[in-house]
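What follows is one structure encoded as structure tokens, with my remarks underneath.
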Amino acid sequence: AKIDYVKAQLDRARLAIQETVSLQLCAASTGTADDGSADITAMFDIVDSTGAIGGLNPSTTGQSFWAATENSSVGSFTTNGQDVFRTTYNAVTKYKMLGQPNVILCSDAAYKAAEEANTGYLQYTTSSGALGTADFGIKRLSYKGIPLVYEPHLDAREAVSNGVMLWVNTKGIKLVPRAGKMFEVDPWFSLAPSGRKAKGSWITFVGQLCAQARSPNAKLAGITA
């Protein structure tokens, strides 16, 4: 029973770390963690066409290559989606050695808009099979092989940006552990004051989002159906 309890608490810690990291990555900007330390850099701060990182600034002459692609007023995806996607894809694959983005992360409104706009492209491969069954959903959404994935942690941006999409190329930005340290484990402390005969410990993930290149990434916002 004690071993099962420890396993359950470790799983709980792992899930808590995943949730915290996801919230920080998808935040509107990099903030401060509950313990006062700096949060992991938000993707919105890196996938940007103007901000400076590490001395490189897209607004500086000769450094425009450092800019990510941005479109904050996409509007109706049904009307503008195809053109915006073509323009964005060409921009993020300009430097062929970096390949194409691995994933397009979508907020709820953006994902629904993309799904609604693509219902006309459904292909029926068979008319046979069991009668009385129907599936009118789209199993997978993708653009030129890049999967569109619903990311609920982006939903908070919809209050100011409508639907949001982040095109992420992990050759350009990636989450990595801090040098020589991936986790910090605080000393065990007693849980007796809360009436439990047990000890606990804080497990902290120590990571950072690194920008090796911003140009193969993109940010789309203002997306509606």
Side-chain angles (χ1 to χ4, degrees), residues 25-30 40-118 120-121 138 140-151 153-155 157-158 160-176 208-225:
L25 288 175
C26 295
S29 61
T30 303
I40 294 171
T41 303
M43 287 188 289
F44 274 89
D45 282 349
I46 284 185
V47 183
D48 191 83
S49 62
T50 57
I53 295 180
L56 293 172
N57 192 331
S59 62
T60 301
T61 301
Q63 295 181 14
S64 60
F65 69 91
W66 186 240
T69 297
E70 282 192 66
N71 185 333
S72 59
S73 55
V74 174
S76 168
F77 196 88
T78 300
T79 303
N80 306 320
Q82 285 288 341
D83 287 340
V84 170
F85 265 38
R86 291 188 191 105
T87 300
T88 303
Y89 182 83
N90 286 346
V92 297
T93 57
K94 188 182 301 182
Y95 302 101
K96 303 299 183 182
M97 62 182 292
L98 295 172
Q100 65 181 22
N102 307 81
V103 65
I104 301 173
L105 301 175
C106 308
S107 68
D108 179 70
Y111 189 85
K112 288 177 178 177
E115 185 173 60
E116 183 175 341
N118 281 280
Y121 295 100
I138 299 177
R140 286 182 296 272
L141 281 177
S142 63
Y143 181 75
K144 296 190 176 182
I146 309 170
L148 275 68
V149 176
Y150 169 48
E151 173 48 70
H153 296 92
L154 291 177
D155 289 352
R157 294 294 302 154
E158 292 185 353
V160 293
S161 305
N162 289 322
V164 173
M165 292 183 181
L166 285 175
W167 296 45
V168 179
N169 185 322
T170 53
K171 288 184 179 179
I173 60 172
K174 61 178 61 180
L175 182 66
V176 299
Q208 57 187 351
L209 191 65
C210 292
Q212 297 172 294
R214 298 166 88 178
S215 56
N217 299 276
K219 180 194 306 179
L220 305 179
I223 300 170
T224 62

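No donor-acceptor distance shorter than 3.5 angstrom exists from the side chain of N217 to the backbone of G172, with no hydrogens or angles considered. Side chain of Q100 to backbone of T93: no donor-acceptor contact under 3.5 angstrom is found.
Considering SG of C26 and CD1 of I40, their distance stands at 11.0 Å, rounded to 0.5 Å. Expressed to the nearest 0.5 Å, how far CG of L220 lies from CH2 of W167 amounts to 6.5 Å. Here I104 contributes atom CD1 and L148 contributes atom CG; the two are 4.5 Å apart, rounded to the nearest 0.5 Å. The line from CG of L25 to CD1 of I173 is 8.5 Å long, rounded to the nearest 0.5 Å. Note that the OG atom of S64 and the CG atom of L56 stand 11.5 Å from one another [nearest 0.5 Å]. Of the inter-residue distances, the one linking E151 atom CD with D108 atom CG reads 11.5 Å to the nearest 0.5 angstrom.
By the side chain to side chain donor-acceptor pair (under 3.5 Å) test, T60 pairs with no residue at all, sequence neighbours left out. Every residue two or more places apart in sequence or in another chain that forms a side chain to side chain contact (heavy atoms under 4.5 Å, CB included) with A221 is listed here: S161, V164. For the ring pair (Phe, Tyr, Trp, His ring centres under 6.0 Å) test, residues two or more places apart in sequence or in another chain that qualify with F77 are F85.
What you find for I46 and T41 is that their closest heavy atoms are CG1-CG2, 3.9 Å. For the residue pair A218 and T88, the shortest heavy atom distance occurs at CB-CG2, 3.5 Å. Residues I223 and V74 come closest through the heavy atom pair CG1-CB, 3.8 Å. K219 and D48 get closest at one heavy-atom pair: NZ-OD1, 3.6 Å. When all heavy atoms of E116 and A225 are compared, the closest pair comes out as OE1-CB, 3.7 Å. Nearest heavy-atom pair, E158 versus A110, reported as atom, atom and distance to 0.1 Å: OE2-N, 4.2 Å.
Contact of the T224 side chain with the S76 side chain is registered, since non-hydrogen atoms from C-beta on lie closer than 4.5 Å.
The aromatic rings of Y150 and Y111 sit tilted, their planes meeting at an angle between 30° and 60°.
A side chain to side chain contact (heavy atoms under 4.5 Å, CB included) with V168 is found for one member of L105, N102, V149, I146 and no other, namely L105.
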